[in-house]
*Asks:* 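Please read through the structure below; I'll follow up with questions.
Below, read A as the first sequence line, B as the second, and so on, with proteins coming before strands; counting in each chain starts at 1.
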Number of protein chains: 2
Amino acid sequence: MHAFSRTVSGHAAPVRPAQLREQPQAVSFHAAGSEIYGQGERAKCLYQVEFGAVRVYRLLADGRRQISAFYLASETFGFEADAVHHFFADALVATGIRIIRPSATDMAAQLLPLALRSLTRAQEHLLVLGRQSAVERVAAFLLDLAERQGGFDHVDIPMSRIDIGDYLGLTIETVSRAFSRLKQDRIIRLLSSRSVEIVRRKTLSDMSE
Amino acid sequence: MHAFSRTVSGHAAPVRPAQLREQPQAVSFHAAGSEIYGQGERAKCLYQVEFGAVRVYRLLADGRRQISAFYLASETFGFEADAVHHFFADALVATGIRIIRPSATDMAAQLLPLALRSLTRAQEHLLVLGRQSAVERVAAFLLDLAERQGGFDHVDIPMSRIDIGDYLGLTIETVSRAFSRLKQDRIIRLLSSRSVEIVRRKTLSDMSE
DNA sequence: CGGGAAGTTGATATAACTCAAGGTAGGTGG
DNA sequence: CCACCTACCTTGAGTTATATCAACTTCCCG
């Protein structure tokens, strides 16, 4: 169903698709937790994940956080409607980021497909947040992650339970209980808290639609 | 700002704007509830609302519905990452739709800003669905609607409580109680169930951030 | 007027949140 | 190499916001 699933593997060395004809740029390294850009900063380029993972999020005045997307190896982020960032972006783990400055001439033609993919993703996520239960949300999350890591049964989870909660609109405890429930029902196996094996994929995908 | 934002009432006969006569061949009429496109249909063009209002939504297998966006007069919708619609779109009230076929040459340049605006909108809506209470969601909804209708204190609501619920991830009863609460606190006045006056805009906007 | 759809309000149920206590694992220094 | 420390995670118990079920009201529209 997702059109953007040609990522090879979350574990292998990062693959860089030649989607964008960009001026060659150095890859910058970001330690876990370090900021890539902040809300209000001037948006001047795009970012492509070489290795590692990134979270993009907004904050409410009282500190509530909504992660709008995670980006894995080979994925591109940082689009803005105007010249200013409306979100924060930081590294989840040690991460390499390639900076991309599309040439002015055909910038739109290069950006449009990427922007539309992000739009579709965000719209699908609205359905999850608006209408799915905690277990359904976690099921959809795991399937999405698996697909973006190559569609294998083994899923590597580069983010904490807090991050998952802030992405799915749940608390850390509810996320943990959803994992436990899926494990108890033999739908997944928890190799560690950051490593999951999908045992009954069909059941999982039935839950998320 | 928006050409046709001063709709008098969701029930009144649709007003036929002057532009319509200038390009009559491109406009189609849709009665309330009639489908504009369906999930799985081939996406071949964009749509601009001339008058009326449109809802774009997805369904889960068991009938749960998530409205991902409403579109009002002058707004454009129908972008897809691939050539297939992933959502349903239908008219909320009697609606005029202009069909747009961007010329192949500069399609991307025209579409990109529209797509990015939709993306920003969807991302902001994620924050509402993921992290805000029922009253906060309704407050954000009313402010958004007011802004898109020209920023006046009087807000015309072209959709039912069910539609609002399916947009905000709430039930019809919870939406109704949120309206009643805002009314009771003298933040809004309910002229009718489809017509609201914003009395304390600052309070309302403080609630939604 | 009368009937039906839409909206409101009340009572109760429940999923998820909050608060609290333990458990686990990876990293560091002894 | 082990023991401790700290982060993160899990589980349990009680609370709360929203959903559900149900009755009543209002407003169109014939």
*Asks:* Pick the closest DNA chain D nucleotide for B:L170 and for A:S160 by heavy atoms, then say which residue is nearer the 5' end.
*Replies:* A:S160
*Asks:* Using a cut-off of strictly less than 4.0 Å, decide whether A:R194 has a side-chain nitrogen or oxygen near OP1 or OP2 of D:dC8.
*Replies:*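 For A:R194, the contact criterion (side-chain N or O under 4.0 Å from OP1 or OP2 of D:dC8) is not met.
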*Asks:* State the pairing partner of C:dT24; accept Watson-Crick or G-U wobble contacts with both distances under 3.5 Å, and report none otherwise.
*Replies:*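 Across any shown strand, C:dT24 pairs with none.
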*Asks:* To the nearest angstrom, how far is A:D62 atom CG from C:dT18 atom P?
*Replies:*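 It is 11 Å, rounded to the nearest whole Å.
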*Asks:* Hunt down the Watson-Crick or G-U wobble partner of D:dA7, both distances under 3.5 Å, from any strand shown, or write none.
*Replies:*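 D:dA7 is unpaired by these criteria.
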*Asks:* Can you tell me how far C1' of C:dA15 sits from CZ of A:R137, to the nearest Å?
*Replies:* 11 Å
*Asks:* Does B:D166 pair with B:R64 as a salt bridge, N-O distance under 4.0 Å?
*Replies:*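 B:R64 and B:D166: not salt-bridged.
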*Asks:* Under 6.0 Å between the ring centres of A:F70 and A:Y167?
*Replies:* yes
*Asks:* Whether A:R131 and A:E136 form a salt bridge (side-chain N of Lys/Arg under 4.0 Å from carboxylate O of Asp/Glu) is what I want to check.
*Replies:* no
*Asks:* Taking only the side-chain nitrogens and oxygens of B:T174, find out if one of them lies under 4.0 Å from OP1 or OP2 of D:dA19.
*Replies:*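 It does, given that an N or O in the side chain of B:T174 lies less than 4.0 Å from OP1 or OP2 of D:dA19.
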*Asks:* Under 3.5 Å, is there any donor-acceptor pair linking the side chain of B:R177 to the base of D:dT20?
*Replies:*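 It does, because a donor-acceptor pair links the side chain of B:R177 to the base of D:dT20 below 3.5 Å.
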*Asks:* Distance criterion of 3.5 Å, no angle test: do you see the side chain of B:E173 paired donor-to-acceptor with the base of D:dC21?
*Replies:*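 Answer is yes: a donor-acceptor pair is held.
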*Asks:* Let's see if you can work this out: which of C:dA16, C:dG7, D:dT10 has an atom nearest to the side-chain heavy atoms of B:S176?
*Replies:* C:dG7
*Asks:* Scan B:S192 against the nucleic acid and name what it touches under 4.0 Å (heavy atoms): base, sugar-phosphate only, or nothing.
*Replies:* nothing
